[in-house]
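Structure first, then comments.
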Amino acid sequence: MSANRIQPRLPKGMRDFLPADMIKRDYVFGVVRDVFHLYGFEPLSTPVLELRETLYGKYGEDAEKLIYNAQHPGGKEELALRYDLTVPLARVVAMHESAIMLPFKRYQLAPVYRGERPQKGRYREFYQCDVDIVGVADVSADAEVLGVVVSTLRRLGFPNFTVKINNRKLLSAMGQYSGVPDAQLGDLYRSIDKFDKIGADGVRDELIQRGIDAEAVARMMALLVDNHLNADKLGILEDVMGGVDSAAEGIRELRDLSAHLNDAGVPRQFVEIDFTMVRGLGYYTGPIFETVVTEPQIGSLSGGGRYDGLIGMFRKESLPTTGVSLGIERIIDVMDELGLYPAHIGGTVVQALVGVFGPDLRPAATALTAQLREAGIRAELMLQDRKVGQQFNYADKKGIPLVVLQGPDEAARGEVKVKRLRDGVEVTVAAVVLAETVRSMLV
RNA sequence: GUGGGUGUAGCUCAGUUGGUUAGAGCGUCUGGUUGUGGCCCAGAAGGCCGUGGGUUCAAGUCCCAUCACUCACCCCA
């Protein structure tokens, strides 16, 4: 039998989370949920599997190759693992119209699947947390969704991050103004998006190399370079391109959005308009967002934008929708790297270990444990017979802050000992006040 | 899909111009200590050196292939 033992392995890009990790993840998930609730977003859950037809044709050709198909022997439905939470939302809205009130503000925290090559900050199964507002065309909704991102990251203790804002309408206007043919817009955007990485010269070279007309490139670069670090970016852009309809509209939206953010008290230091930020997914139609950190080099922590047309793929009339997706995995990776967890988040949920002095004292220890649990203290009873030293060692290794122990002497007097491992403080108290003693020693 | 790096103990890694019985630290277990963890001391377990082939008297070491992991590109959270 042991000769046939199989190697324990995981599918590529997928991970187990052991308890110590899960405790940290749950903490992050909890903070995220709290903030969403503060903004009035409500939970939604959808299946991991969707019908293939629901997902296909929404993300673009390249992305579609990364969708996992699923099947079971004899299954007749064509299934796929969800690729994000946005398309399922659109499906839900179209399917449950009558049960949904607009504006529909929902969040969803769930794993999604992408068959990509894994690397730093990139997995094949990863959690996303999406917040979206369905049914509001005004940028007040975009502002609210951005407020959620900023609040969440601040609440998690991120010292610095930047939410970049741009507008699809403006991007297409820039292409139009420069004279880049529609067929090359994709290439154009892809290169522009690398501005931060490869600089103005890099972008220029790449555009030329991609065969875009030199004059168009020059006009394009003038728009980017002049404005990239300027405070009055919008004003400058308006002077140059104000005549182009979509440019005027995009600029107006960005101004409104900015005003809403001010009204909501979102600190300006976390927000920046950046014309070189482009989002890959095809369904965005207006304002787009992306959050970056410079400290660990890890890509974006969140991404999103307005996609007024997507729901129309499931319904006769579309509904204006905007939202963001928080990259929970990357947020967690950064928090690990920067050590942003509060001190009380340890490697265990257990607050007190109740030791067992010997077999004859096990009944008493069991009762003490029950007493603690009744009082709402997370207590673990030592389930094996071990030497006292080993029991303390177990608690120490596992990070349990307190050990409760009742030996023959204490038992005879109706007392119990509580020891705090951090500083070695030990007290002996009447068993009836055990719970309150433990509670006071936890702080 | 393209390119680079790395595979030796549970983990992190050493291992000389190829040479006899492959090492360390950490971790684990046992004991020193049958009323108390961390520190210290003594000891133990734990290895098809990723896999297959080749060169050689001799391969952890050199060559080829392959697989896995990893970083970067493309793309993305």
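Just so you know, these numbers use all the heavy atoms, side chains as well, and skip hydrogens, waters and symmetry mates. What you see is a predicted model, and the numbers here were worked out from it, not measured in a lab.
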Is A:Arg362 paired with A:Asp385 through a side-chain N to carboxylate O contact shorter than 4.0 Å?
-> yes

Taking OP1 and OP2 of B:G31, is either one under 4.0 Å from a side-chain nitrogen or oxygen of A:Lys387?
-> yes

Worked verdict on A:Glu116 versus A:Arg114 for salt bridge (charged side-chain N to carboxylate O under 4.0 Å, His left out) | CA-CA 6 Å; A:Glu116 291 182 285; A:Arg114 297 183 186 179; 5.1 Å; no

dist A:Glu290:CD -> A:Ser302:OG (nearest 0.5 Å) comes out at 7.5 Å

When rounded to the nearest 0.5 angstrom, what is the spacing between CD1 in A:Ile331 and CG in A:Leu156?
-> 6.5 Å

When the P atoms of B:U8 and B:U51 are considered, how many whole Å apart are they?
-> 10 Å

Please determine if A:Arg204 and A:Asp201 form a salt bridge, counting it only when a charged side-chain N lies under 4.0 Å from a carboxylate O.
-> yes

Whole angstrom value for the distance that separates P of B:A77 from CZ of A:Phe289 | 13 Å

Determine the interatomic distance between C1' on B:U17 and the same-named atom on B:U12; round to the nearest Å.
-> 28 Å

Indicate the atoms forming the closest heavy-atom contact of A:Val356 with A:Ala365, along with that distance.
-> CG2-CB, 3.8 Å

Considering only NZ, NE, NH1 and NH2 on the basic side and carboxylate oxygens on the acidic side, decide whether A:Lys105 and A:Glu144 come within less than 4.0 Å.
-> yes

Charged N to carboxylate O below 4.0 Å: is that the case for A:Arg25 and A:Glu329?
-> yes

Distance, rounded to the nearest Å, where A:Tyr59 contributes OH and B:C76 contributes P | 13 Å

Can you tell me how far C1' of B:C76 sits from OH of A:Tyr113, to the nearest Å?
-> 18 Å

Within this structure, what is the CD-to-P distance between A:Gln108 and B:A77, rounded to whole angstrom?
-> 16 Å

Please state how far atom CG in A:Leu66 lies from atom P in B:G1, giving the value in whole angstrom units.
-> 12 Å

Quantified in whole Å, what is the P atom distance between nucleotide B:G19 and nucleotide B:U61?
-> 10 Å

Nearest-Å distance for atom pair CG/C1', residues A:Asp62 and B:G1 = 11 Å

Atom CG of A:Leu85 and atom P of B:C76 are separated, to the nearest Å, by 17 Å

Rounded distance in Å between the C1' positions of B:U21 and B:A65 | 32 Å

Check ion pair A:Glu206-A:Arg210 (N to O, under 4.0 angstrom) = yes

In RNA chain B, consecutive runs of at least three Watson-Crick or G-U pairs below 3.5 Å, as range with range, amount to B:1-7 with B:67-73, B:10-13 with B:23-26, B:28-32 with B:40-44, B:50-54 with B:62-66

Could you tell me whether the side chains of A:Tyr394 and A:Glu380 share a donor-acceptor contact shorter than 3.5 Å?
-> yes

Distance between the C1' atoms of B:G43 and B:C48, in whole angstroms?
-> 28 Å

For nucleotides 68-74 of chain B, 5' to 3', base contacts (B), sugar-phosphate-only contacts (S) and non-contacts (-) with protein non-hydrogen atoms under 4.0 Å give -S-SSBB

If you measure from the P atom in B:U30 to the same atom in B:G1, how many Å do you get, rounded?
-> 49 Å

Taking the side chain as every heavy atom from C-beta outward, state whether A:Tyr283 and A:Arg168 have any pair of such atoms under 4.5 Å apart.
-> no

Scan nucleotides 35-44 of chain B nucleotide by nucleotide, 5' to 3', and note B when protein non-hydrogen atoms come under 4.0 Å of the base, S if they reach only the sugar-phosphate, - if neither.
-> BBBB------

What distance, rounded to whole Å, do you find between the two C1' atoms, one in B:A9 and one in B:G50?
-> 14 Å

C1' gap between B:G15 and B:C73, integer Å = 35 Å

Mind checking A:Ile328 for me? I need base, sugar-phosphate or nothing, with any heavy atom below 4.0 Å counting as a touch.
-> nothing

Gap between atoms CD1 and P, on A:Ile331 and B:A77 respectively (whole Å) | 13 Å

Just how far is it from atom CG of A:Asn166 to atom CZ of A:Arg279, taken to the nearest 0.5 Å?
-> 11.5 Å

Would you classify A:Tyr123 as touching base, sugar-phosphate or nothing, given that sugar-phosphate means primed atoms plus P, OP1 and OP2, and contacts are heavy atoms under 4.0 Å?
-> base

Taking NZ, NE, NH1 and NH2 as the nitrogens, is one of them in A:Arg155 or A:Asp34 under 4.0 Å from a carboxylate oxygen of the other?
-> no

